Amino acid sequence: APAGKEITLTFSRMSVDSSSDCLRVYDSDKADPYQLAATFCGDRSSTGIGPLVLHSGKAFFKWKTYSRTSGDSGFSATWSFTARPSSGPSPICGGGTITAGTGSLVDTFPKDSNQKYAHGTVCRRVIQAPSGHAIQLKVKKYDVLTSQSSGVVKLCRSSDVSVACGKSDDAYLSVLNSYGNKPATGFVEVVPSDMLVVEWTTPNSQSYTMGTGWELEWSFVSTAVSVCETDSRTLDFDAGTIMDHASTTGTYTGLMDCTK
């Protein structure tokens, strides 16, 4: 797409033979494994597919079939270019490293909060805070079924979008939803690092029911804390500064008894 534009795909036909015949659409100019916007496999109707917005302004299609005689009609999609929003939430697919001090990160459909998210998505995005700060996430919306099979948001400590982030890897931090559990609106998590990879994955199978997605508000918080602040949290930042109860230019007073 031209500079400042994003791509909207509208499907008029989508009928493939089996789960092995698939169309994969990447929010990139290549088959980037962490910019996979949607996967279309198995028998499904185009009436169940909402517009797919590719926020990078680039699209890469991978169409692979295995059936010798499918008897199905395949797919057809039209594209159009629209202006990329200058404000509002940042989509997890199709974007670069985020350095702004605050904002909202959303699943792949920020234009329509009621549209269900796509099957077969694998997207990552990096949030990078300045030195001396950690990243705070606040849940504004989380309509994802309470099963990892229907989509999961994973958090990894790194500035490398391709970092290995399985549960046994050093970069792994947590997942926001697990079997039977998901974060409530207003839930806050402070990531003990100034760098964070957010990963969003959804299953290929059409048998899983999808929700309308999620929205996470990020902000940067200082890792310089007073031993006497009212917050009784345990500090687990990668690095930080702890100081007495006085300001950096003042003098401390007597009769204090503080722990952190």
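What you see is a predicted model, and the numbers here were worked out from it, not measured in a lab.
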Peer 1: Is there a path of hydrophobic side-chain contacts, each under 4.5 Å between heavy atoms of I, L, V, M, F, W or Y residues, that connects L216 with I135?
Peer 2: yes
Peer 1: Taking ring pair (Phe, Tyr, Trp, His ring centres under 6.0 Å) as the definition, give me every residue that meets it alongside F75, ordered by chain and number, with sequence neighbours left out.
Peer 2: W63
Peer 1: If you look at every heavy atom in D194 and Q128, which pair is closest and at what distance?
Peer 2: O-NE2, 2.9 Å
Peer 1: Any idea which heavy atoms bring G120 and T202 closest together, and the distance?
Peer 2: N-OG1, 3.1 Å
Peer 1: Determine the minimum heavy-atom distance between A100 and W218, stating which atoms define it.
Peer 2: O-NE1, 2.9 Å
Peer 1: Linking I/L/V/M/F/W/Y whenever any side-chain heavy atoms sit under 4.5 Å apart, do V198 and Y117 land together?
Peer 2: yes
Peer 1: Is it true that I92 and L36 fall in one hydrophobic cluster, defined by side-chain heavy atoms closer than 4.5 Å?
Peer 2: no
Peer 1: Please report the C-alpha distance between Q136 and V190 in whole Å, then the side-chain angles of each, then the deciding distance to 0.1 Å, and finally whether the side-chain contact (heavy atoms from CB on, under 4.5 Å) criterion is met.
Peer 2: CA-CA 4 Å; Q136 177 175 284; V190 178; 3.8 Å; yes
Peer 1: Minimum heavy-atom separation for P85 and E6, please, with both atom names.
Peer 2: CD-OE2, 3.7 Å
Peer 1: What is the distance from atom NE2 of H55 to atom CD1 of I7, rounded to the nearest 0.5 Å?
Peer 2: 11.0 Å
Peer 1: Start with the C-alpha gap between W200 and L105, add the side-chain angles, then the distance that decides, and say whether side-chain contact (heavy atoms from CB on, under 4.5 Å) holds.
Peer 2: CA-CA 11 Å; W200 169 233; L105 187 67; over 6 Å; no
Peer 1: With sequence neighbours left out, write down each residue that passes salt bridge (Lys or Arg N to Asp or Glu O under 4.0 Å) with D29, or none if nothing qualifies.
Peer 2: K58
Peer 1: Just jot down the salt bridge (Lys or Arg N to Asp or Glu O under 4.0 Å) partners of E215, sequence neighbours excluded, or say none.
Peer 2: K140
Peer 1: Write out all pairs satisfying disulfide bond (SG atoms under 2.5 Å apart) with one or both partners inside residues 72-107, taking only residues at least two apart or from two chains.
Peer 2: C93-C123
Peer 1: Show me the side-chain donor-acceptor pairs of residues 158-166 shorter than 3.5 Å, one per line, residues at least two apart or across chains.
Peer 2:
| from | atom 1 | to | atom 2 | distance (Å) |
| --- | --- | --- | --- | --- |
| S158 | OG | D160 | N | 2.9 |
| D160 | OD1 | S162 | N | 3.0 |
| D160 | OD1 | S162 | OG | 2.9 |
| D160 | OD2 | S162 | OG | 3.4 |

Peer 1: Report the residues that fulfil salt bridge (Lys or Arg N to Asp or Glu O under 4.0 Å) with K138, sequence neighbours left out, ordered by chain and then residue number.
Peer 2: none
Peer 1: Would you say F60 and V53 are hydrophobically clustered, going by side-chain heavy atoms of ILVMFWY under 4.5 Å?
Peer 2: no
